[in-house]
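The next block holds one structure in the form of structure tokens; read it before the comments.
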Amino acid sequence: MKSLLKSTAPPAVRSLVFFALRSSISSTTQSSYSTPSTLIDDFTRFCYERDLGRAMNALASLQNHRIRADSITYSELIKCCLAKGAIEEGKQVHKHLYSDGYEPKMFLNNILLNMYVKFYLLDEARTLFEQMPERNVVSWTTMISAFSNVKLNEDALKYLILMHREGVMPNMFTYSSVLKACDGLETLPQLHCGIIKTGLDSDVYVRSALIDIYSKWGELDNGFLVFNEMATRDLIVWNSIIGGFAQNDNGDDALNLFKSMKRAGFPANQATLTSVLRACTGLVLLELGRQVHAHVIKEEEDLILHNALLDMYCKCGSLEDADSVFERMIKKDVISWSTMIAGLAQNGRTVDALQLFESMKASGTTPNYITIVGVLFACSHAGLVEDGWYYFRSMKRLFGIDPGREHYGCIVDLLGRAGKLDEAVKFIHGMEIEPDAVTWRTLLGACKVHKNVEIATYAAEQILKLEPHDEGTYILLSNIYANSKRWEDAAEVRKTMRDRRVKKEPGCSWIEVAKEVHAFVVRDESHPQIDKISRELNLLIQRISIMGYVPDTNFALHDLEGEQKEDSLLYHSEKLAIVFGLINLPKEKPVRIMKNLRICGDCHAFAKLVSKIENRHIVIRDPVRYHHFKDGVCSCGDYW
DNA sequence: ATTGACGAAG
């Protein structure tokens, strides 16, 4: 009998044999209107036709008759439950399969496991896994991938070890799942070694997972090595490496690789374009971003890609485009709304940002942690202290979100910018989270705006305790001392910088003109047009001086004497970039500039006046926010 | 039967 079961007979025959087997050991009640064999036929048909309702009825009859169908048929039924999201039905099938002391085959158990995993019923999956008499590489891999998908990294890695202990060897499926669960930079090389030892590093799936995890841990060099070693690459591997560079703020290399990919003959898909957009966002390449957009509309609407588009337009300071993309989007998720809210806030459209937050709630989309960061950011950047406090206090009650570090940071910013520095300090001391360097830096920034030397010194001390080499803190502190004419203190700070070998990052500004990116560094004279730029800059300054512009030497780092100070201010990179843009861009185009450091007050005043006399729209994006200069006014309302 | 890529803040 046993050998018959293993024969190559068609499923229906095997079921009948099985029925015969079982009926001899249990008393069955036969239905008057259908024989067991037609029951099985019906059941099989319903399963293959994906008719879940009828299949479940038939399953109940089978259960009553204590009959079993073929394993393959059951696997079809489970797939059907999965496709329809029918959790309860899936559980019933499980129960049926284990009724009467019967043990399903391993492959059927694996399918059940997979079903529980896909339904995110990890406890059920675990219980089943524990009771399975036999587990093969698929069973283990299913569990491992379940764990790594929900970030239960420790469990995923633990199971990898356990499977080794049981003598089951991982395969490429296992490795590409477990890599995601890499718990830190220590586990990654170990895993990589294991992969190389088994020779599985030749698999494209494993490779792309390796590239991905290396880039997620900021080890892009290693990711690139893996990429370079590959003899054959597919689209996803290209996307992994391009995405890796884009996410690590290396837009240049991402774009170069994108070009290589096209040369290698791979057409970009939506994931590729999303990464390219992200690279454009990072580099403020609005024109290139627009070209990508032109490709995008040809494809059917992809939510992720459109969210990236939204972000690109916001971060490139083109809110008209962002608005129109947002309005036309058919589907919007929490990321679309959050992107737009934060984008409006960063670009100074605070009221619109808060209104959009209301529309979001009205649309039925639940705000999440990041949405609230954007909302608080909007309040803090507009000085809306009351509103900010309201949202902060009620976020837990209204949205069930516990305030995190970023939210606390926004409140510090809110109080600090509004000049309530003492309150901000009190707030930090009362925080439920240990303040980190970012928190203190926020306070320090506010001290600079409000010229509060005492609290600034205190904040700087806290930062330097945590990050002794933080150049920005030294610079800010020394500027604050210089502003209050405490030259000795300022000199002391710079001495400490030298002693600790902390270097000042030079100010740098970028501008895109005719598909080329031009970078300017303070007092950099290497640009081919530098003479023309200097001449124009001097002319401009003369013209705006008549309107009352006086270089604000408070923003010069060094305690130099008068004219020299003005001189170094003159060559701040954003001034060079603005002039370059004025000269080289068509009159109707806005001058868009990106800066690596925050804009200084002098350049801010300069840009306002220039926007007026030249009648130009100037947009400057610094690492935190955007300044839209138009007709002598800035969108930030001089509050930044 | 089990595997890889893309989006929001700081």
Side-chain angles (χ1 to χ4, degrees), chain A residues 71-72 75 78-79 82 105-115 117-118 135-146 148-149 170-180 200 203-213 215-216 233-244 246-247 254 268-279 281 302-312 314-315 333-343 345-346 367-378 404-410 413 436-439 441-442 623-624:
Chain A
S71 291
I72 307 278
S75 78
I78 296 170
K79 278 185 215 160
L82 246 178
K105 293 180 183 167
M106 175 162 57
F107 103 93
L108 211 43
N109 273 327
N110 282 343
I111 292 176
L112 277 174
L113 255 193
N114 179 45
M115 176 190 77
V117 166
K118 294 276 156 65
R135 294 177 282 225
N136 65 0
V137 59
V138 176
S139 333
W140 285 99
T141 304
T142 304
M143 289 310 286
I144 289 175
S145 103
S148 52
N149 280 336
N171 62 13
M172 58 271 255
F173 291 81
T174 322
Y175 277 124
S176 33
S177 300
V178 82
L179 274 168
K180 260 194 297 198
L200 291 169
D203 183 73
V204 273
Y205 281 75
V206 174
R207 292 248 180 181
S208 70
L210 269 170
I211 293 171
D212 195 46
I213 192 69
S215 79
K216 287 221 161 68
R233 304 181 179 121
D234 67 2
L235 179 60
I236 294 187
V237 174
W238 277 103
N239 286 347
S240 300
I241 194 73
I242 294 172
Q247 283 154 34
N269 69 0
Q270 294 176 321
T272 326
L273 294 183
T274 305
S275 292
V276 171
L277 277 173
R278 172 145 177 174
T281 309
D302 177 84
L303 184 59
I304 298 180
L305 184 53
H306 275 73
N307 287 343
L309 256 181
L310 273 184
D311 194 42
M312 185 275 292
C314 287
K315 295 245 165 70
D333 67 357
V334 61
I335 296 187
S336 327
W337 290 96
S338 308
T339 305
M340 208 52 205
I341 291 170
Q346 285 173 322
N368 67 11
Y369 187 100
I370 296 175
T371 320
I372 308 295
V373 174
V375 171
L376 294 177
F377 182 91
R405 200 176 284 293
E406 290 87 352
H407 303 109
Y408 282 106
C410 285
D413 197 43
D436 66 354
V438 178
T439 317
R441 241 191 305 272
T442 308
V624 184

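Proteins come first, then strands; the chains are lettered A, B, ... in the order of their sequence lines, and each starts at number 1. All values derive from a computational prediction rather than experimental measurement.
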Given dG4(B), dA8(B), dC6(B), which nucleotide is nearest the side-chain atoms of V237(A)? dG4(B)
Report yes if a donor N or O on one partner sits less than 3.5 Å from an acceptor N or O on the other, where the partners are the side chain of S208(A) and the base of dG4(B); otherwise report no. yes
Length of the NE2-C1' vector between H306(A) and dA8(B), whole Å: 16 Å
Give a yes/no on whether any side-chain N or O of R278(A) is located under 4.0 angstrom from OP1 or OP2 of dA8(B). yes
Under 4.0 Å, counting only non-hydrogen atoms across every strand here, what does L303(A) touch: a base, just sugar-phosphate, or nothing? base
By side-chain contact (heavy atoms from CB on, under 4.5 Å), which residues pair with Y205(A), not counting sequence neighbours? S176(A), D203(A)
K180(A) side chain: which of dG4(B), dA9(B), dA1(B) is closest? dG4(B)
NA contact type, F377(A), heavy-atom cut-off 4.0 Å: base, sugar-phosphate, or nothing? sugar-phosphate
Of the listed nucleotides dA9(B), dA1(B), dA5(B), the one nearest the side chain of A342(A): dA9(B)
Among dA1(B), dG10(B), dG4(B), find the nucleotide with the atom closest to the side chain of V373(A). dG10(B)
Minimum-distance nucleotide (side-chain atoms of T142(A) versus dA8(B), dG10(B), dT2(B)): dT2(B)
From the set dA1(B), dC6(B), dA8(B), return the single nucleotide nearest to any side-chain atom of T274(A). dC6(B)
Of the nucleotides dT2(B), dA8(B), dG4(B), which one has an atom closest to the side chain of N368(A)? dA8(B)
Under 4.0 Å from OP1 or OP2 of dG10(B): is there any side-chain N or O of Q346(A) that close? yes
Has the side chain of N239(A) got a donor or acceptor that lies under 3.5 Å from a partner of the other kind on the base of dG4(B)? no
Contacts of T371(A) that satisfy side-chain contact (heavy atoms from CB on, under 4.5 Å) - sequence neighbours left out: V334(A), S338(A), I341(A), F357(A), M360(A), P367(A), N368(A)
Taking the minimum atom-to-atom distance to the side chain of Y205(A), which one of dT3(B), dC6(B), dA1(B) wins? dT3(B)
Using whole Å, report how far CD1 of I370(A) lies from C1' of dA8(B). 5 Å
Which nucleotide in the set dT3(B), dC6(B), dA8(B) lies at the smallest distance from any side-chain heavy atom of M172(A)? dT3(B)
Do the side chain of N269(A) and the base of dA5(B) come within less than 3.5 angstrom through a donor-acceptor pair of N or O atoms? yes
